[in-house]
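Here the structure is laid out as structure tokens; the discussion comes afterwards.
Chain identifiers are assigned alphabetically (A, B, ...) following the order of the sequence lines, protein sequences preceding nucleic acid strands; residue numbering begins at 1 within each chain.
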Amino acid sequence: MKNQEVARIFNEIADILEIKGENPFRIRAYRRAAQNIDGLSRDVKDMSEDELRKIPGIGADLAEKIREYATTGALGFYEDLRKEVPSGLVDLLSVPGLGPRTAKMLFEKLGIKDINELERYAREGRLRGLPGIKAKTEENILKGIEMLKRRTGRFPIGRVLPIAEAIIDALLKETDVRQISVAGSLRRWKETIKDIDILAVSDNPSEMMNAFTRLPQCKEVLMKGSTKSSIVTEEGIQVDLRVVEEDAFGSALAYFTGSKAHNIRLREMAVKKGLKINEYGIFDVKTGRRLGGRDEEDVYRLLGLPYIPPEMREDLGEVEMAVEGRIPDLIGYDDIRGDLHVHTRDSDGSHDIEEIAGAAKARGYKYIAITDHSKSLGIARGMSAEEVVEQSKRIKAINKRLRGIRLLSGIELDIRSDGSLDYPDDILKELDIVVASIHSGFRQSRQQITGRLVSAMKNPYVSIIAHPTGRVIGEREEYDVDMDEFLRVARETSTILEINAYPMRLDLRDIYIKRAKEMGISFVISTDTHIDYQLDFIRYGIGMARRGWLEKGDVINTYSYNQLMKRLKYKRAQARPS
DNA sequence: GCCGTTTTCGGCCCGACTGTTTTCAGTCG
């Protein structure tokens, strides 16, 4: 996928143009284009010039630049630009508090052209005396460099959300909170999170600030003010708490939830309607009168739009959809009726079948599928064909005893590195559900990997492809799937695609979900549970599904048991020669 | 550089904070 490369180059162009002091709107155009390309599910190198120009923020010029890069592997404009500014100088912009104007000035006055030189000059006290720089600024630059050095990057949402919830619980318990909510990318359920934003209404803000900075989770207080404080947790995650007036809670929540690009779109619309939106409310520009802001809905209502759920607020077409009144009715966090990817002690899970069934029933589920590993996965104690047959019989017997929940007998079937499957069809056809997935040969060529997935989907008994891209967030890249071909065959064979809710996977990811949905593909949201509490991971999968704009009907494990069984049989019936 | 119920030029989101200033520039989200 060339998209990430193109996005990186456009961002670097924007950095260089900033240092050069170019037109800020031109710079913004590059950044917006970079962001929209990064969020694209199709590879730009497969897109025609016309298709490229349909991407918001891409006009004739940038479409041509993308094409040049996609076809030649280089971009002349970028290469020329890089000759004008030393590459280390661009890195200076990553120092918090140091922007393009300062970077340029440092280069021109002192010849500083990378972070190491900057640090040396600052330590020696040789920055002070430059225009606008005294001891304090010098100190802040050193602090910024320190922060950069121990910057921990982004954390998977599965690690961050529980921390945020624990903090909110503690604040609810210990202080006089009227309203409280997470905001930021966490509220949008992004797969990775940089910091936690919490927004609250309180009669006693200073009490909140005290309680917040004294939390057991707090390792370091970065700043503490009367309505805004920041701390760092044990895990190295920054948490910001802001207290606002009750009348402005809605507009502040919209503002701090973002995304920035989404907010900009809303404010552009507001300007055209003679309105002004900020974190304090929605105002009539002419009269200065405040029109709303208590509830988040006010913001959208006053713009004449339907409410846009946080998970959609990425400026990836949701504003246009809202204008047309076509915001989808997203799947809800309580809509799942069963988990269709669950392991037991028969392979590498921690519970026996009845225990995990009980845990699922306790969560209100109506069914679960037992999908232990097949034999090729030796390290996970994969089951032989005989063992699967035996397990399937056992499940049928247990089903007769169980009340209130049904078990599907299934398998997580390994797609071997040569593309063959672990069991013959006459075993598979006896199972209720077959979840096929890749666990080996991750580095094979695009052609090989895609070929394996395609041949698995063409098997009439393969119901679902689990974790289709194989990525592990922060650890393992996606393997090289030809997504166009993969989705085409999924559609053609009525194969269901899994959204694996395991927090380190979240696979399929949002951008592919959105595209698959447009093609009319069905999904399942599953946890890949190995121990009972992992059943609760389902919400991360739902968050991802909502980011992919899925509705309840797109997801088969929102169906009743009977509907579900009908859908599972559908593919087998399709494939049968008439 | 993009874009158009203010269409092919002339606009382009909004405010807070900080450190340096004496009215503001730079940076950030």
TODO: Produce a footprint string for nucleotides 20-29 of chain B: one letter per nucleotide, 5' end first; B if the base is under 4.0 Å from any protein heavy atom, S if only the sugar-phosphate is, - if neither.
DONE: SS----SSSB
Task: Qualifying ring-ring contact (aromatic ring centres under 6.0 Å, His included) pairs, either residue in residues 42-66 of chain A, two or more places apart - done: none
TODO: Provide the distance between the two C1' atoms, one in B/dG15 and one in B/dG10, to the nearest whole Å.
DONE: 25 Å
- [ ] Test the A/R289-A/F283 pair against the cation-pi criterion, namely NZ or CZ under 6.0 angstrom from the six-membered ring centroid and within 45° of the ring axis.
- [x] no
Task: side-chain hydrogen bond (donor to acceptor under 3.5 Å, both in side chains) involving A/D247 - partner list, sequence neighbours excluded - done: A/R294
Task: Residue list, salt bridge (charged side-chain N to carboxylate O under 4.0 Å, His left out) with A/D315, at least two apart or on another chain - done: A/R32, A/R265
Open item on the list: Checking A/V232 now: which residues fulfil side chain to side chain contact (heavy atoms under 4.5 Å, CB included) with it, not counting sequence neighbours?
Closed with: A/E220, A/L222
Open item on the list: Once salt bridge (charged side-chain N to carboxylate O under 4.0 Å, His left out) is applied, do any residues pair with A/E245, and if so which ones, sequence neighbours excluded?
Closed with: none
- [ ] Return the set of residues passing salt bridge (charged side-chain N to carboxylate O under 4.0 Å, His left out) with A/R123 (not counting sequence neighbours), or none when no residue passes.
- [x] A/E119, A/E146
Task: Euclidean distance for P, B/dC28 against B/dT23 (whole angstrom) - done: 26 Å
What are the atom names and distances for every N/O pair under 3.5 Å that joins the protein to nucleotides 10-12 of chain B?
none

Open item on the list: Could you tell me how far B/dT6 sits from B/dC12 if I compare only their P atoms? Round to whole Å.
Closed with: 14 Å
TODO: Nearest whole angstrom, please: distance from the P of B/dC2 to the CD of A/E64.
DONE: 12 Å
Open item on the list: Distance check, P atoms only: B/dT21 and B/dA25, in whole angstrom units.
Closed with: 13 Å
- [ ] Could you identify which residues of residues 77-88 of chain A place a heavy atom less than 4.0 Å from some atom of DNA chain B, listed by residue number, or say none?
- [x] none
- [ ] Quick one: list whatever passes side chain to side chain contact (heavy atoms under 4.5 Å, CB included) with A/R26, sequence neighbours left out.
- [x] A/L17, A/E22, A/N23, A/Y30, A/F77
TODO: Please list all pairs passing the salt bridge (Lys or Arg N to Asp or Glu O under 4.0 Å) test where one or both residues lie in residues 101-116 of chain A, with sequence neighbours left out.
DONE: A/K113-A/E117
TODO: Name all pairs fulfilling the side chain to side chain donor-acceptor pair (under 3.5 Å) condition that reach into residues 255-264 of chain A, sequence neighbours left out, sorted by first residue then second.
DONE: A/R187-A/T257, A/H262-A/Y300, A/H262-A/E318
